[in-house]
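To start, the structure itself, in structure tokens.
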Amino acid sequence: MSRKSSRPFRVGRSNTGLGLFATEAIRKGQTIVEYRGRRITAEQAYEIERRGGNRYLFEINKQWTIDGSSRRNLGRYVNHACLPNAEAIMRRTGKLEFAASRWIEPGEEITIDYGEEYFALFFAKQGCKCMACSRTQMRKRSSRKSPGRGKR
């Protein structure tokens, strides 16, 4: 007997590795997934970053960070996008959750904006690979093609 999942998403292959994809329509404001992990101090997070380790650190505030590196943390599969469809929300309960910032269609990848600091640390050298930036890069490449290959 199969049991229907209460999750409105699935983990799947993305342009940038693994990602979360909507399996049903998700309305604006709806909670999608919790970002889970042990809480560590800012000093511990700095030490981990200095060693070049963990990409799953989510800074809550100046004192605390969530180490979301466990594979049980499904929130770790939410990828970056410059035009995201979700946002991080800190609940009064202390939970960090991702909620839809607009209507999300089934099949659409669930994304958030990772912020400038993360971008500078991890994306600056190779550039952003989100869908919006990929489309921009494709347009630039196609406009650089030789003029002899146009319409006839």
Side-chain angles (χ1 to χ4, degrees), residues 2-141:
S2 76
R3 186 174 77 176
K4 187 178 185 232
S5 172
S6 62
R7 298 178 183 146
F9 60 83
R10 68 174 176 79
V11 176
R13 186 62 54 197
S14 169
N15 285 1
T16 57
L18 292 176
L20 277 192
F21 293 84
T23 55
E24 58 190 56
I26 301 172
R27 72 184 186 291
K28 181 178 180 176
Q30 181 179 338
T31 298
I32 302 166
V33 66
E34 181 182 352
Y35 196 86
R36 306 173 104 180
R38 65 187 177 107
R39 287 186 189 227
I40 60 176
T41 64
E43 292 81 22
Q44 290 170 313
Y46 174 78
E47 185 58 31
I48 291 169
E49 284 178 349
R50 190 184 65 74
R51 290 187 309 229
N54 193 336
R55 288 184 175 230
Y56 301 103
L57 297 176
F58 197 107
E59 185 179 298
I60 299 171
N61 57 36
K62 300 271 185 217
Q63 293 178 315
W64 297 101
T65 297
I66 296 175
D67 177 359
S69 59
S70 168
R71 290 186 187 254
R72 290 174 41 196
N73 171 29
L74 296 177
R76 73 183 255 160
Y77 298 108
V78 174
N79 286 321
H80 165 80
C82 293
L83 299 173
N85 56 18
E87 60 190 346
I89 298 174
M90 180 57 84
R91 302 291 184 193
R92 279 192 233 160
T93 60
K95 291 182 178 182
L96 178 65
E97 297 176 330
F98 296 140
S101 58
R102 64 168 176 77
W103 183 269
I104 300 174
E105 295 290 336
E108 191 175 348
E109 184 172 8
I110 298 163
T111 58
I112 65 167
D113 184 346
Y114 284 5
E116 292 176 19
E117 188 176 329
Y118 190 96
F119 196 92
L121 281 171
F122 296 107
F123 297 152
K125 290 180 185 171
Q126 79 265 10
C128 181
K129 293 181 178 154
C130 76
M131 289 300 279
C133 292
S134 295
R135 283 189 206 116
T136 301
Q137 290 300 323
M138 284 175 36
R139 275 190 232 109
K140 285 180 182 177
R141 280 193 293 269

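Both backbone and side-chain heavy atoms feed into the values below; hydrogens, waters and symmetry mates do not.
A heavy-atom distance below 4.5 Å is not found between the side chains of Ile26 and Asn85. For the pair Ile110 and Val33, the minimum side-chain heavy-atom distance is 4.5 Å or more. Annotation: side chain of Asn73 is not in contact with side chain of Tyr56 (no heavy-atom distance under 4.5 Å). Looking at Thr41 and Thr65, their side chains never come closer than 4.5 Å, going by heavy atoms from C-beta outward. The shortest distance between side-chain heavy atoms of Ile60 and Arg39 falls below 4.5 Å. Side-chain atoms of His80 and Asp113, non-hydrogen and from C-beta on, do get closer than 4.5 Å to each other. Between Tyr114 and Asn79, the closest side-chain pair of non-hydrogen atoms falls below 4.5 Å. Using a 4.5 Å cut-off on side-chain heavy atoms (C-beta onward), Arg55 and Arg76 make no contact.
Here the CG-CD distance, from Leu57 to Gln44, works out to 10.5 Å after rounding to the nearest 0.5 Å. Rounding to the nearest 0.5 angstrom, the gap separating the CZ atom in Phe21 from the CZ atom in Arg13 is 9.5 Å. From Glu24, atom CD reaches atom CD of Gln30 across 7.0 Å, with rounding to the nearest 0.5 Å. We find the CD-CD1 distance between Glu47 and Ile40 to be 10.5 Å, quoted to the nearest 0.5 Å. In this structure, the separation between CG on Leu20 and CD1 on Ile32 is 8.5 Å, given to the nearest 0.5 Å. In this structure, CZ in Arg91 is found 4.0 Å from OG1 in Thr31, a value given to the nearest 0.5 Å.
Sorted by first and then second residue, the ring-ring contact (aromatic ring centres under 6.0 Å, His included) pairs involving residues 88-111 (not counting sequence neighbours) are Tyr35-Phe98.
Across all their heavy atoms, Pro106 and Ala25 have their closest contact at CG-N, 3.6 Å. The two residues Ile104 and Ala22 make their nearest non-hydrogen contact at CG2-CB, 3.9 Å. The two residues Ser101 and Ala86 have their closest heavy-atom pair at OG-N, 3.3 Å. Scanning all heavy atoms of the two residues, the minimum distance from Ala100 to Arg27 falls at CB-O, 3.3 Å. Nearest heavy-atom pair, Gly29 versus Ala99, reported as atom, atom and distance to 0.1 Å: O-CB, 4.0 Å.
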Problem set entry | Test side chain to side chain contact (heavy atoms under 4.5 Å, CB included) applied to Arg71 and Tyr77, step by step | CA-CA 9 Å; Arg71 290 186 187 254; Tyr77 298 108; 4.0 Å; yes
For this session: Give the C-alpha distance, both sets of side-chain angles, the deciding distance and a yes or no for side chain to side chain contact (heavy atoms under 4.5 Å, CB included) between Glu109 and Asn15.
Result: CA-CA 10 Å; Glu109 184 172 8; Asn15 285 1; 5.9 Å; no
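Note on Glu97 versus Lys95: no salt bridge recorded, every NZ/NE/NH1/NH2 to OD/OE distance being 4.0 Å or above.
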